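Residue numbers count from 1 along this sequence. Quick caveat, the model's predicted, so the values are computed rather than measured.
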Amino acid sequence: MTTTDLIIIGSGPGGYRAADYAAKNGLQVLVFEELEVGGTCLNSGCIPTKCLAHDASKESIPAFELVMERKQQTIQQLREGVQTLLSQPNITLVRGKTVFKDRHTVVANGEEYQAKHIIIATGSHAKMPPIEGLVYQQGGESNVVTSTELLNIDHVPEKLCIVGAGVIGMEFASAFASFGSKVTVVEFMKECLPTLDSDIAKRLRKCMEKKGIEFYLQAGVKCIHEGKVTFERKGKELTVEADTILIATGRAANMDSLNLDAMGISYDKKGILVDDNMETSINGIYAIGDTNARQMLAHAATFQGFRAVNHILGKSDNIRFDIMPAAVFTHPEAASVGKTEDACKAGELNYTVRKGYYRANGRALSMEEPEGMAKLIVDEQNKIIGCHIYGAHAAELVQEISALMNMDITLDRLKDIIHTHPTLGEILQDMAIG
């Protein structure tokens with residue numbers, strides 16, 4: 001039996017960053033990975049989709065085989081970086097499927113490994129909705145695919161139907177429409193990107209409609225059969241034909257094969273239940289990232305890992321999980337942090353909204369990116385409690401506000417912060433000045 005200080009199951013952004021942080025703080029770490037290092041984000045999520053988004057936004061789009069080749073090269077380069085990180089002193093990478101034997105012991109490849117502390121960072125998988133006739137075969141043997149198969153497709157589908165208008169669905173819709181697909185999006189909710197401020201989501205959808213993407217909102221899919229997606233919308237039954245159908249209806253935590261029931265680790269249908277230190281119902285066992293489904297974002301997983309390691313080390317931190325920026329890499333992109341206007345209305349909060357437009361910004365016009373809008377939401381004390389943007393470099397602009405929100409900055413403080421001219425950041429300052 002091998003004994004160590006910390007076992008981490010999974011090598012995605014939560015797992016490998018937690019391992020690095022723990023090792024630098026003097027812990028001996030064993031990292032277990034069944035598939036490729038880097039997890040979903042690197043191999044079939046954030047990174048490859050951003051490669052596609054980048055090439056799709058170019059004025060002269062490369063041949064599709066070159067797009068996919070560059071994507072794979074990027075994955076491989078970053079994968080090698082993660083492997084190097086996991087080969088540093090104090091970290092040992094073990095390849096193989098891992099299950100719990102008891103609260104301090106896991107088994108992989110027939111060998112037992114023991115540690116006082118264990119972090120579960122096993123990520124998630126695409127969730128299949130209960131739709132009549134839906135036939136999905138992992139690896140893309142049918143025309144029904146998940147994001148994983150679409151990221152490895154060898155051609156541009158002539159007709160692509162996307163079921164689900166969340167982040168995954170919208171990013172693929174934007175990219176493949178630029179590559180030449182006729183894209184149709186079918187969404188059950190009344191608007192795309194339901195976690196985004198509805199004002200921003202609507203404006204982004206309108207932009208995408210101008211590029212030829214067809215949306216059917218408030219549409220419940222009834223059946224998928226032989227390349228036909230049948231759905232009900234406003235009392236009418238409609239059918240869309242497609243040669244490729246992407247199911248983008250969310251993700252589910254990877255936890256079924258861990259032997260959680262025998263361990264007595266509490267979980268629900270979303271994921272493993274944890275406290276604010278990411279500790280499960282069993283002392284010394286933690287769950288981070290998509291596995292606990294609190295905030296299914298790569299950077300959330302990373303900082304949850306930091307919090308778990310800090311708790312193991314007895315360290316305090318100032319990580320604020322209530323301020324979690326997020327981005328959607330469509331074209332134009334969208335990003336948000338904090339409360340939406342919809343949430344403020346629902347909570348009957350006293351708030352004020354400031355809006356700014358890209359078309360009034362010198363940098364945006366010089367970049368030929370006049371399409372975009374930003375919203376700042378402030379409370380009755382004039383403290384910034386939310387920011388929502390669609391337009392060029394929205395993610396970077398929202399990150400500025402995220403940093404300020406961590407300092408509880410007011411609108412008055414923002415207006416006095418000097419911004420470089422000409423930059424898109426001036427949109428934010430102009431909103432503060434009013």
Side-chain angles (χ1 to χ4, degrees), residues 46-47 49-51 53-60 74 78 167 171 174 178 193 196-197 199-201 203-204 207 297-300 302-303 318-320 322-341 351-379 381-434:
C46 325
I47 300 302
T49 54
K50 285 356 147 231
C51 290
H54 173 71
D55 285 335
S57 68
K58 292 178 179 178
E59 186 173 341
S60 179
T74 302
L78 291 171
V167 174
E171 289 186 348
S174 178
S178 294
L193 298 165
L196 205 63
D197 184 275
D199 189 12
I200 296 293
R203 289 170 183 267
L204 177 62
C207 286
L297 298 163
H299 45 285
T302 294
F303 278 84
N318 295 308
I319 299 170
R320 291 188 58 177
D322 61 317
I323 300 175
M324 185 64 66
V328 186
F329 292 92
T330 48
H331 187 259
E333 65 187 48
S336 65
V337 66
K339 293 188 179 297
T340 63
E341 186 173 2
Y351 69 95
T352 303
V353 173
R354 295 283 183 94
K355 294 183 179 182
Y357 298 90
Y358 277 57
R359 63 177 179 266
N361 177 266
R363 176 63 172 159
L365 294 179
S366 67
M367 293 166 58
E368 298 183 295
E369 293 281 2
E371 183 64 51
M373 187 189 82
K375 291 176 69 172
L376 282 174
I377 301 176
V378 298
D379 65 13
Q381 280 80 44
N382 222 26
K383 185 175 75 173
I384 301 172
I385 59 173
C387 179
H388 311 278
I389 304 174
Y390 87 99
H393 303 293
E396 282 79 9
L397 294 177
V398 160
Q399 188 58 51
E400 175 184 342
I401 299 301
S402 300
L404 296 178
M405 286 175 62
N406 271 272
M407 302 295 118
D408 292 321
I409 294 294
T410 63
L411 213 57
D412 292 332
R413 290 289 304 280
L414 174 57
K415 75 179 178 63
D416 289 337
I417 297 174
I418 298 172
H419 283 64
T420 307
H421 176 76
T423 61
L424 296 176
E426 291 177 290
I427 298 171
L428 302 174
Q429 188 185 43
D430 290 343
M431 291 159 61
I433 292 171

Side chains of [X] and [Y]: closer than 4.5 Å at any heavy-atom pair?
X	Y	answer
Pro422	Ser366	no
Leu424	Glu396	no
Ile401	Leu397	no
His299	Met324	yes
Ile389	Ile427	no
His421	Glu426	yes
His419	Glu400	yes
Tyr390	Glu371	yes

For this session: Decide side-chain contact (heavy atoms from CB on, under 4.5 Å) for Thr410 and Gln381; before the verdict, give the C-alpha distance in whole Å, the side-chain angles of both, and the deciding distance to 0.1 Å.
Result: CA-CA 8 Å; Thr410 63; Gln381 280 80 44; over 6 Å; no

Gap separating the [atom1] atom of [X] from the [atom2] atom of [Y], nearest 0.5 angstrom:
X	Y	atom1	atom2	answer
Ile319	Asp322	CD1	CG	12.0 Å
Asp430	Leu414	CG	CG	10.0 Å
Ile384	Ile409	CD1	CD1	7.5 Å
Thr423	Gln429	OG1	CD	8.5 Å
Leu404	Leu376	CG	CG	9.5 Å
Ile200	Cys387	CD1	SG	8.5 Å

Problem set entry | Ion pair Lys50/Glu171, N-O distance below 4.0 Å | yes

For [X] and [Y], indicate whether the former's side chain and the latter's backbone hold a donor-acceptor pair under 3.5 Å.
X	Y	answer
Arg354	Met431	yes
Asn361	Tyr357	no
Ser174	His331	yes

For this session: Under the side-chain contact (heavy atoms from CB on, under 4.5 Å) rule, what do Met405 and Arg320 come out as? Steps first, then yes or no, please.
Result: CA-CA 10 Å; Met405 286 175 62; Arg320 291 188 58 177; over 6 Å; no

Where [X] and [Y] come nearest, the two heavy atoms and their spacing:
X	Y	result
Pro332	Leu204	O-CD1, 3.2 Å
Val398	Pro325	CG1-CB, 4.2 Å
His388	Val337	CE1-O, 3.8 Å
Lys375	Glu341	NZ-OE1, 2.7 Å
Thr340	Ile377	C-CD1, 3.6 Å
Asn406	Ser402	ND2-O, 2.8 Å

Exercise. How far apart are the C-alpha atoms of Glu369 and Tyr358, what are their side-chain angles, what is the distance that settles it, and do they pass the side-chain hydrogen bond (donor to acceptor under 3.5 Å, both in side chains) test?
Worked result: CA-CA 7 Å; Glu369 293 281 2; Tyr358 277 57; over 6 Å; no

Problem set entry | Over 12 foreign heavy atoms within 6.0 Å of CZ, Arg359 |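 At most 12 heavy atoms, drawn from other residues, nucleotides or ligands, come within 6.0 Å of this atom.
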
Exercise. Around atom NZ of Lys339, are there more than 12 heavy atoms of other residues, nucleotides or ligands at under 6.0 Å?
Worked result: no

